[in-house]
Amino acid sequence: MSKALSALSSRLVIIIPFVWLLIFFLAPFFIVFRISLSTTAIAMPPYTPVFDLADGISGILEGIREFSFDNYVWLTQDALYFNAYISSLTIAAISTFLTLLIAYPVAYGMAQAPRSIRPTLLMLVILPFWTSFLIRVYAWIAILKPEGLLNQLLLFLGVIDSPLVILNTNTAIYIGIVYSYLPFMVLPIYSALEKMDGSLVEAAQDLGCTPTTAFWKVTFPLSLPGVVAGCMLVFIPAVGEFVIPDLLGGSETLMIGKTLWNEFNANRDWPVSSAVAIILLMILVVPIMFFQNAQTKSEGR
Amino acid sequence: MKKIATALATVLLAGIAGVAQAQERVVNVYNWSDYIDQSILEEFTKETGIKVVYDVFDSNEILETKLLSGGTGYDVVVPTAHFLALQIQAGVFQKLDKSKLPNISNMWDLVNERTAKYDPGNEYSINYMWGTVGLGYNVEKVKAALGVEKLDSWSAVLDPANAEKLAGCGIYMLDSPSDILPSVLNYLGISADTTSAEDLAKAEEVMMKVRPFIRKFHSSEYINALANGDICVAVGFSGDIFQARARAEEAKQGVTVDYVVPKEGAEMWFDQMAIPADAPHVEEAHAFINYMMKPEVIAKASNYVFYANGNKTSQQFIDKAILDDPAIYPDDEMLKKLFTVSPYDPKVQRVITRLWTKVVSGQ
């Protein structure tokens, strides 16, 4: 009896994440995918076919016959979409790299700090989340604008003669993304470094490694799962980022979020914007699978 | 402060509605943020016994997405006419029952004629407020850059020689092809309503020449940027720029913002009250719209938000400072030069969006 119960409960434990995945990922995915195969219409909702359970099976089959991949073909006919994907991926990749450069030393410093102050340091990393993300991005406008705090400081120090134009450029986007996503990079790296056995580095040094070599041969490889997790946590949302480029970036920055917005709101073309979103998802699934793979490997070790 | 008060009032009203009993008469209104004197809603409830649940949005796109998805639960919504036209075609709204709207006789035929372009026969909607798309500018900065006291022409931003001089202190432009391109066409002496590829190419040429001098295309950021003195010129909606002007005055940082309807003419926009087809309280919605057409009531709204309304009889109750301000109520000669733009059909819209992406991003 108790055996059967425990078997059932262990099965339940597995079912929960699957139900989660079904409700919050697969169902929305299929809704969007279905719209991407439809055509626009001046109606409510603005696409056809619309399925009504009242039509019965034959009605649904009729609707499915109307599906077409025309919207995906459309995306290949204008270089705009390709360029937008490439530019989003580039911006996300550069931002992720810059975030890593800043986050790693921070996480390393935290892991090396005396155990007693680590909770405080952790708290400090999480602290910005207590303020709304949007307000923090707006604050960067005040810092970066031509007459903003940064330019005033640099002018006062005599570093520059005339205000730097940073706001409304790609540089501002990088600053915004790096700043906003920094904690997502710091936390996984910190947790990987914190778990590390310090005697391993001592052993490496006993065997003749300089501190630098010991870091690259021992510490960094052991922290890799944290680095990979951090990079994914930054890269994936950064690709689809809309708010930061909209507020801090200039008009020239072509990102997929903006392209999607245009298709959805300016052209009222829900099907094409759904197709754009599906392709974006496909582009992102590849790194997620890569991440999964790396994780299974590291667990296997 | 006003915003916070509005937000609090909205939350309060929503809260009250939540506990209200079923038999209570209610009207759910969805209007632009910061767009009404709250006391009007209280007086409406006092007079009719109908409770107003007032909710706000800040972009036509948000409203349209909700309307096209259906089942919003709103009884009165206020889209801009350019969006309303397509929404009517999509079957979003129901025809107004004019027998329940006796105050309709107060409406201004000049505005009626022009809104009929979007809503033929004005069967689905009643004008709430209207305004123009013109130039907002920082008086001191423009004087320093161009050496003029006042801007009065589109050439300030559409002539590359001027735009280049203003680029240093910053030009913002609406990120909205349906507002900018017609203004460019009108500046070139071409009918603003044209959708011919040849004419659009001419407008594109002008925009491509001035785009290097435009710091940003954005449809709302310019309010803050103008008010804070970060930029010198913005092509934007009249009401937004009046808001920037008011904020700049409140801040007392020495920033003076002014708005002008350029002498070549400008695009007119209209925010229209309409009733969704699936509105749960149709009777109350008509009562609300009828109340809003009372001359004293709509005049009070205009006095509060600094916009012109489409109610002729209300003009006797409007503050003289507003009625005599040519930036809000243009004179007859200028009224003739103000133009409207027909809604684009989906094919033309796609061409225009693509053209605009090229202007904005260079791709």
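Residue numbers begin at 1 in each chain, while the letters A, B, ... track the order of the sequences. Only heavy atoms go into these numbers, but all of them, side chains included; no hydrogens, no water, no symmetry mates.
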Does a side-chain heavy-atom distance below 4.5 Å link A:Trp270 with B:Thr65?
yes

Please state whether the side chain, the backbone, both or neither of B:Gln349 comes within less than 4.5 Å of a heavy atom of chain A.
both

When every non-hydrogen atom of A:Leu248 is compared with those of B:Lys216, the smallest separation belongs to N-NZ, 4.2 Å

Tell me whether B:Asp175 is salt-bridged to A:Lys258, with the criterion being a basic N under 4.0 Å from an acidic carboxylate O.
yes

Which bit of A:Asn168 is near chain B, if near means a heavy-atom gap under 4.5 Å: side chain, backbone, both or neither?
side chain

Between A:Gly250, A:Pro46, A:Ala41, the one whose heavy-atom pairs under 4.5 Å with chain B are most numerous
A:Pro46

For the CG atom of B:Asn224 and the CD1 atom of A:Ile141, what is their distance to the nearest 0.5 Å?
7.5 Å

Any carboxylate oxygen within less than 4.0 angstrom of a Lys/Arg side-chain nitrogen, looking at A:Arg268 and B:Glu61?
no

Counting only heavy atoms not in A:Phe30, do more than 12 fall under 6.0 Å of its CZ?
no

Would a 4.5 Å heavy-atom cut-off, applied to side chains only, mark A:Asp246 and B:His218 as touching?
yes

Go through the atoms of A:Pro45 and report whether side chain, backbone, both or neither lie under 4.5 Å from a heavy atom of chain B.
both

Distance in Å, B:Asp278 CG paired with A:Met44 CE, rounded so as to fall on 0.5 Å steps
5.5 Å

Measuring from B:Met173:CE to A:Ser251:OG, what's the distance to the nearest 0.5 Å?
10.5 Å

Are any of the side-chain nitrogens in B:Lys141 or A:Glu147 under 4.0 Å away from the carboxylate oxygens of its partner?
yes

Does atom CD of B:Gln363 have more than 12 heavy-atom neighbours, drawn from other residues, nucleotides or ligands, at distances under 6.0 Å?
yes

Among all residues two or more places apart in sequence or in another chain, which pass the disulfide (SG to SG under 2.5 Å) test with A:Cys231?
none

Of the backbone (N, CA, C, O) and the side chain (C-beta and beyond), which part of B:Glu64 lies under 4.5 Å from a heavy atom of chain A, both, or neither?
side chain

Of the listed A:Leu167, A:Thr40, A:Thr259, A:Asp269, the one with the largest count of heavy-atom pairs under 4.5 Å with chain B is A:Asp269

Under 4.5 Å from any heavy atom of chain A - which part of B:Phe83
both

Could you state the interatomic distance from OG (B:Ser220) to CG (A:Leu247), rounded to the nearest 0.5 Å?
8.0 Å

Compare all side-chain heavy atoms of B:Arg215 with those of A:Val165 and state whether any distance is below 4.5 angstrom.
no

Whatever's closer than 4.5 Å to a heavy atom in chain A on B:Leu67 counts as backbone

Option in B:Gln89, B:Gln87, B:Lys358 with maximal non-hydrogen atom pairs under 4.5 Å from chain A:
B:Gln89

Would you say A:Phe242 has more than 12 foreign heavy atoms packed within less than 6.0 Å of its CZ?
yes

Straight-line distance of B:Ile88 CD1 to A:Ile42 CD1, nearest 0.5 Å:
12.0 Å

What pairs meet the ring pair (Phe, Tyr, Trp, His ring centres under 6.0 Å) rule with one or both residues in residues 136-156 of chain A, with sequence neighbours excluded?
A:Trp140-A:Tyr179

Could you measure the distance from the CZ atom of B:Arg350 to the CG atom of A:Asn262? Nearest 0.5 Å is fine.
10.0 Å

Counting only heavy atoms not in A:Phe29, do more than 12 sit closer than 6.0 Å to its CZ atom?
yes

